[in-house]
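The block underneath contains the structure these notes are about, expressed in structure tokens.
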2 protein chains.
Amino acid sequence: MKRNSRLSLALHTLGHMAGDPQRMRTSADIAEHAGTNPVVVRRVLGKLREAGLLTSEKGHSGGWCLAREPEQITLADVYLALDESLVATGGEEETPACSVEHVLQRKVASVLEEIERSLIERLAVTTIAEVREHG
Amino acid sequence: MKRNSRLSLALHTLGHMAGDPQRMRTSADIAEHAGTNPVVVRRVLGKLREAGLLTSEKGHSGGWCLAREPEQITLADVYLALDESLVATGGEEETPACSVEHVLQRKVASVLEEIERSLIERLAVTTIAEVREHG
DNA sequence: ATTGATGCAACAGTGAATGTTACATTCATT
DNA sequence: AATGAATGTAACATTCACTGTTGCATCAAT
């Protein structure tokens, strides 16, 4: 897989699920379609389940299914469920003794926070149901 | 050092240079202050020189100096000089056969491009001269 | 009971970024 | 001219997060 694979995998999978919401899919099926490993799929989809976007069933004839209607799941929901920022925060670096560094961190951090909010707003406009039609 | 260290190192160094623009600094001095290696400093500052933000002089009593006045260098200039996107683009992935994946990539990519532009606009508002006063 | 699925822990493999070493080059100083 | 101090750059080592993999416990339908 490639970079930012978690978000790609999640969106890709939900996009397909949106086309046939009743069907239950196994992590093996999903992994094969996505060209990755079933355990990786479970890791990523597990996050989405924690966020209430998916349900999973154990045991024979188990698998994964949407927890809501496709029109009720936005790209922002998925993004937030994975709690990974596309906007690199620079990490929670320890407060530096150097005043220049300190001022910089505050300035840059405030810009990035605004950008992050803006990103989420834009992602919230699109649902996974819209991913199937009009490219 | 940490993540996104190139941008941090660049901004930090320029911030200090803005406080005494005439003074010439060696990569060894800068590295010591930043807690890193002189070669790393040269790598990063070299990018800034290519972008016309800094000048460097070889030989005895050489070193690094601002190429413009501090008020003429914005955070966006530095960001662009390093041509690294804080907004992860997801890379130039090969066009997928799967239509869902294709639609997703286009949608997400267009959002990220907007966000990237917005980020640069906001960074362009602050100059490295402003980093020294009013935290 | 058996089969086929998730859940999870532990470890291996990968790749990008940083750190390091070494050396050629350049230029002021002596 | 010789020296010393700096950049420029290539090559290699190290680090670190992420992905991939294996193994096994657990759970539920058959």
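Values in this document were obtained by computation on a predicted structure and should not be read as measured data. Letters A, B, ... mirror the listed sequences (proteins, then strands); counts begin at 1.
Taking only side-chain nitrogens and oxygens, B:Thr26 never comes nearer than 4.0 Å to OP1 or OP2 of D:dA6. Taking 4.0 angstrom as the limit, A:Ser5 places none of its side-chain polar atoms (N or O) nearer than this to OP1 or OP2 of D:dC18. Close to C:dT6, at under 4.0 Å from its OP1 or OP2, lies a side-chain N or O of A:Arg42.
One interatomic measurement links the two molecules: CG of B:Leu7 to P of C:dT18, which rounds to 11 Å at whole-angstrom precision. Between the CD atom of A:Glu50 and the P atom of C:dG7 there is a distance of 10 Å, given to the nearest Å. Residue A:Met24 contributes atom CE, which lies 11 Å from atom P of D:dA29 at whole-angstrom precision. If you measure from atom CD of B:Glu32 to atom P of C:dG19, you get 15 Å, rounded to the nearest angstrom. We find that CH2 of B:Trp64 is positioned 14 Å from C1' of C:dT26, with the value rounded to whole Å. Protein atom CZ of A:Arg49 is 11 Å distant from nucleotide atom C1' of C:dC8, rounded to whole Å. Separating the CD1 atom of B:Ile30 from the C1' atom of C:dG19 is a distance of 17 Å, rounded to the nearest angstrom. Regarding A:Leu9, its CG atom lies at a distance of 11 Å from the C1' atom of D:dT19, rounded to whole Å.
The shortest non-hydrogen separation linking B:Val44 to B:Arg6 is CG1-O, 3.8 Å. In terms of heavy-atom proximity, A:Ala31 sits nearest to A:Asn37 at CB-C, 3.5 Å. Between B:Arg23 and B:Arg25 the shortest heavy-atom distance is NH1-NH1, 3.6 Å. Of all non-hydrogen atoms in A:Met24 and A:Gly62, the two that sit nearest each other are SD-C, 3.7 Å. The shortest non-hydrogen separation linking B:Thr127 to B:Pro70 is CB-O, 3.8 Å.
Taken over five-pair windows at either terminus, the axes of the helix from C:dA1-D:dT30 to C:dT30-D:dA1 are inclined to one another by 0° (rounded to 10 degrees).
A heavy atom closer than 4.0 Å to some atom of DNA chain D occurs in B:Ser56, B:Glu57, B:Lys58, B:Gly59, B:His60, these being the qualifying members of residues 52-61 of chain B.
In this structure, B:Leu54 and B:Met17 have side chains that are in contact, with non-hydrogen atoms separated by less than 4.5 Å. Side-chain contact between B:Leu75 and B:Val125 is absent, with no heavy-atom pair separated by less than 4.5 Å. Put simply, the side chain of B:Leu123 does not reach to within 4.5 Å of the side chain of B:Asp77, judged on heavy atoms.
Of the candidates C:dT6, D:dC18, C:dT18, C:dT18 carries the atom nearest the B:Val40 side chain, counting heavy atoms from C-beta on. Picking from C:dT21, C:dT6, D:dG20 the nucleotide with the shortest atom distance to the side chain of A:Asn37 gives D:dG20.
Residues satisfying the side chain to side chain donor-acceptor pair (under 3.5 Å) test with A:Arg42, not counting sequence neighbours, are A:Ser27. Partners of B:Arg122 by salt bridge (Lys or Arg N to Asp or Glu O under 4.0 Å), not counting sequence neighbours, listed by chain and number: A:Glu114.
For residues 9-54 of chain B, the ring pair (Phe, Tyr, Trp, His ring centres under 6.0 Å) pairs, not counting sequence neighbours, are B:His12-B:His16, B:His12-B:His33, B:His16-B:His33.
Remark: of the listed residues A:Leu119, A:Val87, A:Val111, A:Val111 is the sole one forming a side chain to side chain contact (heavy atoms under 4.5 Å, CB included) with B:Leu119.
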- prompt: Just by protein heavy atoms under 4.0 Å, how would nucleotides 10-15 of chain D read 5' to 3' in B, S and -?
  reply: BB----
